[in-house]
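Take a look at the structure below.
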Number of protein chains: 2
Amino acid sequence: MNIGQAAERCGLPAKTIRYYEDIGLIRPARRANGYRDYDDGDVHKLRFLQRARRLGFSIDDCRHLLSLYEDESRASADVKALARARVDEIDARIAELQSLRATLAHLISACHGDDRPDCPILDDLAGVGRPRKTPVGQ
Amino acid sequence: MNIGQAAERCGLPAKTIRYYEDIGLIRPARRANGYRDYDDGDVHKLRFLQRARRLGFSIDDCRHLLSLYEDESRASADVKALARARVDEIDARIAELQSLRATLAHLISACHGDDRPDCPILDDLAGVGRPRKTPVGQ
DNA sequence: TCTTGACCTTCCTGTAACTGGAGCGTTTAT
DNA sequence: ATAAACGCTCCAGTTACAGGAAGGTCAAGA
């Protein structure tokens with residue numbers, strides 16, 4: 001099938017599918033006219049990639065997952081380790097965002113937010129008050 | 001002062017400071033030898049930028065915040081609105097990450113993670129089982 | 001004076017993972 | 001016959017810088 005139909009079936013834009021080919025994730029057949037020709041196996045792989053990306057795996061992770069998927073003798077522990085690493089990344093990111101959120105919420109609550117120019121948010125960014133050492137995150 | 005000293009005082013790498021100049025965020029003086037020459041006001045602005053970036057404001061947000069900061073007749077409501085928008089972005093991102101985390105944690109708990117090749121994580125990515133409609137996020 | 005090393009300069013490239021568009025050829029339907 | 005819809009490749013842009021090359025400048029020591 002043509003790339004348009006493959007795109008429809010896997011849920012990825014055609015542009016993305018071509019990009020995945022550029023970086024060596026898939027290698028569809030070509031017809032005489034130069035058009036890419038996808039079979040069901042290709043679409044299956046593309047769907048695999050779409051799901052893995054949606055779960056936040058990097059392209060490199062996806063490459064790895066795909067090779068594990070195609071390796072009949074893989075150990076499920078390898079996959080589990082990849083997934084655990086993803087969860088750790090996610091946890092770190094969530095913690096960081098929650099810290100930022102708390103700082104911003106605090107500043108927002110301190111700002112009267114009217115037509116007057118004085119603003120604790122800007123004051124904080126400008127470093128008004130005691131010099132802060134690592135006030136948020138890091 | 002030279003860029004190295006300014007970098008040390010504001011907590012940003014010299015590369016980043018030059019980049020901020022490229023995109024028009026700051027405009028330090030130049031000496032006869034072509035070296036950038038930062039005064040205390042410049043360093044103050046750079047520190048402002050460093051703090052705003054650390055709070056997750058985009059460069060465009062920073063540009064906006066800086067212009068508000070320099071506008072003596074600004075309304076604090078404008079700043080508050082920017083900060084609120086940031087909090088909304090953060091909340092959305094956190095929710096998304098938590099959803100991803102839950103899905104991954106579920107798959108991880110279902111995977112025995114040993115030397116055997118069968119793996120529910122890969123099965124899920126491959127679409128084994130009932131076809132999922134938008135299982136996570138979005 | 002010469003040299004060494006630490007700075008500084010500009011410019012180019014690369015990152016992640018695509019997206020948009022130009023300019024062109026092909027297929028399909030009317 | 002022609003127009004729409006699709007396909008192709010290649011190039012540029014996105015975010016916010018980081019790394020490095022090639023070269024100029026400056027202060028200190030031998």
Side-chain angles (χ1 to χ4, degrees), chain A residues 1-38 42-43 45-46 48-66 85-86 89-90 93 96-97 100 137-138, chain B residues 1-38 42-43 45-46 48-66 86 89-90 93 96 100 137-138:
Chain A
M1 75 192 77
N2 284 345
I3 197 170
Q5 201 176 355
E8 197 180 339
R9 292 203 193 169
C10 72
L12 290 169
K15 275 275 190 192
T16 300
I17 297 177
R18 289 198 195 92
Y19 172 70
Y20 286 173
E21 183 176 347
D22 274 358
I23 62 174
L25 281 178
I26 44 163
R27 198 152 289 283
R30 293 284 182 144
R31 300 215 195 130
N33 61 8
Y35 284 20
R36 293 167 178 85
D37 189 10
Y38 298 87
D42 293 325
V43 170
K45 271 199 206 176
L46 287 170
F48 183 100
L49 289 170
Q50 189 262 353
R51 291 197 174 103
R53 289 290 299 134
R54 197 170 49 187
L55 280 177
F57 287 100
S58 72
I59 290 288
D60 261 7
D61 284 341
C62 288
R63 204 185 295 277
H64 195 172
L65 285 168
L66 210 49
R86 259 304 285 158
E89 285 170 30
I90 290 173
R93 187 73 185 127
E96 190 182 356
L97 287 173
L100 293 180
Q138 305 315 311
Chain B
M1 75 193 77
N2 284 345
I3 196 170
Q5 201 176 355
E8 197 180 340
R9 292 202 192 171
C10 72
L12 290 169
K15 276 275 188 190
T16 300
I17 298 177
R18 290 199 195 91
Y19 171 71
Y20 286 174
E21 183 176 347
D22 274 358
I23 62 173
L25 281 178
I26 43 164
R27 198 152 289 283
R30 294 284 182 143
R31 301 217 195 129
N33 61 10
Y35 285 21
R36 293 168 177 83
D37 189 10
Y38 298 87
D42 293 325
V43 170
K45 271 199 206 176
L46 288 170
F48 182 101
L49 289 170
Q50 189 261 354
R51 290 197 173 103
R53 290 289 298 134
R54 198 171 46 188
L55 281 177
F57 287 99
S58 71
I59 291 287
D60 261 8
D61 285 340
C62 288
R63 202 185 297 275
H64 195 172
L65 285 168
L66 209 50
R86 260 303 288 155
E89 283 170 32
I90 289 173
R93 187 74 185 124
E96 191 182 356
L100 292 180
Q138 308 311 318

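For the numbers below, each heavy atom of this structure counts, side chains included, while hydrogens, waters and symmetry mates do not. In what follows, every chain begins at residue 1, and chains take the letters A, B, ... in the order their sequences are listed.
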query: Can you give the first and last nucleotides of DNA chain C, 5' to 3', that have an atom under 4.0 Å from a heavy atom of chain B?
result: C:dC7 to C:dC11
- request: Can you tell me the distance, in whole Å, between the CD atom of A:E8 and the P atom of D:dG7?
  value: 10 Å
- prompt: Rounded to the nearest 0.5 Å, what separation is found between the CZ atom of A:R51 and the SG atom of A:C62?
  reply: 13.0 Å
statement: Here the residues of residues 24-38 of chain B within 4.0 Å heavy-atom distance, strictly under, of DNA chain C are B:R30, B:G34, B:Y35, B:R36
query: CG/A:D42 to CG/A:D37 distance, rounded to the nearest 0.5 angstrom?
result: 8.5 Å
- prompt: Taking B:R86 for the side chain and B:G56 for the main chain, is one N or O donor matched with an acceptor at less than 3.5 Å?
  reply: yes
query: Closest heavy-atom contact between B:C10 and B:V43?
result: CB-O, 4.2 Å
statement: Taken to the nearest 0.5 Å, the spacing of A:L55 CG from A:R53 CZ works out to 10.5 Å
message: Regarding A:D60 and A:R63, does a basic nitrogen lie under 4.0 Å from an acidic carboxylate oxygen?
response: yes
- request: Please give the angle, rounded to 10 degrees, between the axes at the start and the end of the helix from C:dT1-D:dA30 to C:dT30-D:dA1, where five pairs define each axis.
  value: 30°
N/O donor-acceptor pairs under 3.5 Å from side chains in residues 15-27 of chain B, not counting sequence neighbours:
residue	atom	partner	partner atom	Å
B:E21	OE1	B:R36	NE	2.5
B:E21	OE2	B:R30	NH2	3.2

- prompt: Considering residues, nucleotides and ligands other than B:Q5, do more than 12 of their heavy atoms fall under 6.0 Å from its CD?
  reply: yes
message: Whole angstroms only, please: what is the CD-P distance between A:E21 and D:dG7?
response: 14 Å
query: Checking all strands, does B:I3 fall into the base, sugar-phosphate, or nothing category for heavy-atom contacts under 4.0 angstrom?
result: sugar-phosphate
- prompt: Which nucleotides of nucleotides 13-19 of chain D have their base under 4.0 Å from a protein heavy atom (B), which only their sugar-phosphate (S), and which neither (-), written as one string 5' to 3'?
  reply: ---BBSB
message: Are A:N2 and A:R31 packed together at the side-chain level, in the sense that at least one heavy-atom pair is separated by less than 4.5 angstrom?
response: yes
Rounded distance (Å) that lies between atom P of D:dC10 and atom CZ of A:R18: 12 Å
query: By side chain to side chain donor-acceptor pair (under 3.5 Å), which residues pair with A:N33, not counting sequence neighbours?
result: none
task: Kindly compute the distance separating OG (A:S58) from CG (A:D61), expressed to the nearest 0.5 Å.
output: 3.5 Å
